[in-house]
Amino acid sequence: ERDVQRIVVLDAPSVLGWHAWCEIDRRYGLGALEERFEAAVEGGLIDTQPLEPVALLVLGALNTGGRVIAETKQSREARRQVGATIDRLLSGLRKTKGRGRS
């Protein structure tokens, strides 16, 4: 819904203030992402690594993707493009034999 997009994705950060918005995002989004990445490490899907930075960067990408979708008139195409980009980003975390992480 366009109204919900405007309120939640576009208006909320400026109304609440950037620091409050980031704190809410960390409180409700970061933990869920860290849990999913921890499960991926335990399942052998990604290498052991500090998960908070991974989760923070992915959360930022998801937030930016939401803004891209909310700000365009072609939301269906933007959603497809953002989804494909997020898929590529996440696929870069996959564990590959012989490839080390720094």
Side-chain angles (χ1 to χ4, degrees):
E1 298 292 321
R2 293 308 242 170
D3 292 343
V4 174
Q5 288 175 346
R6 169 138 311 276
I7 293 167
V8 174
V9 178
L10 300 176
D11 294 343
S14 57
V15 170
L16 295 171
W18 183 248
H19 292 293
W21 172 253
C22 289
E23 179 56 34
I24 291 168
D25 215 20
R26 285 180 74 97
R27 187 177 315 141
Y28 297 104
L30 185 62
L33 283 174
E34 283 180 312
E35 287 175 7
R36 297 294 60 199
F37 287 125
E38 186 175 329
V41 168
E42 290 171 1
L45 299 172
I46 63 175
D47 292 318
T48 300
Q49 58 192 294
L51 296 178
E52 184 177 14
V54 173
L56 281 167
L57 290 168
V58 170
L59 186 59
L62 291 170
N63 284 333
T64 300
R67 290 188 67 83
V68 167
I69 294 165
E71 290 176 339
T72 187
K73 292 193 184 323
Q74 278 96 25
S75 60
R76 179 172 284 153
E77 179 61 16
R79 185 177 286 215
R80 187 193 65 72
Q81 290 177 356
V82 167
T85 301
I86 294 294
D87 286 347
R88 286 191 300 276
L89 174 72
L90 293 175
S91 71
L93 296 172
R94 279 194 201 121
K95 194 173 202 171
T96 304
K97 289 184 180 183
R99 183 177 77 183
R101 295 255 188 235
S102 50

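On a predicted model such as this, the values are computed, not experimentally measured, just so you know.
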Pairwise side-chain contact, Val9 with Glu71, heavy-atom cut-off 4.5 Å (strictly under): no
Taking transitive links into account, so neighbours of neighbours count too, which hydrophobic residues share a cluster with Tyr28 at under 4.5 Å side-chain distance? Leu16, Trp18, Trp21, Ile24
Residue from Glu34, Glu42, Arg36 passing side chain to side chain contact (heavy atoms under 4.5 Å, CB included) with Glu38: Glu42
Working to the nearest 0.5 angstrom, can you tell me the gap between Cys22 SG and Leu59 CG? 9.0 Å
Salt bridge Glu23-Arg26, side-chain N to carboxylate O under 4.0 Å: no
dist Ile86:CD1 -> Ser91:OG (nearest 0.5 Å) comes out at 11.0 Å
State, with a plain yes or no, whether a side-chain heavy atom of Gln49 is found less than 4.5 Å away from one of Leu51. yes
Contact between Lys95 and Val41 at the side-chain level, heavy atoms closer than 4.5 Å - yes or no? no
Any chance you could measure Leu30, atom CG, to Glu35, atom CD, to the nearest 0.5 Å? 10.0 Å
Spacing of Asp25 atom CG and Leu33 atom CG [to the nearest 0.5 Å]: 9.0 Å
Please round to the nearest 0.5 Å and tell me the distance separating atom CG of Leu57 and atom CD of Glu52. 10.5 Å
Short side-chain to backbone donor-acceptor contact, Thr64 and Ala61, under 3.5 Å: no
Nearest heavy-atom pair of Ser75 and Ile69: which atoms, and what distance? CB-O, 4.0 Å
Any Arg94 side-chain heavy atom under 4.5 Å of Leu45 side chain: no
Which atom pair, heavy atoms only, marks the closest approach of Gly65 to Val82? CA-CG1, 3.6 Å
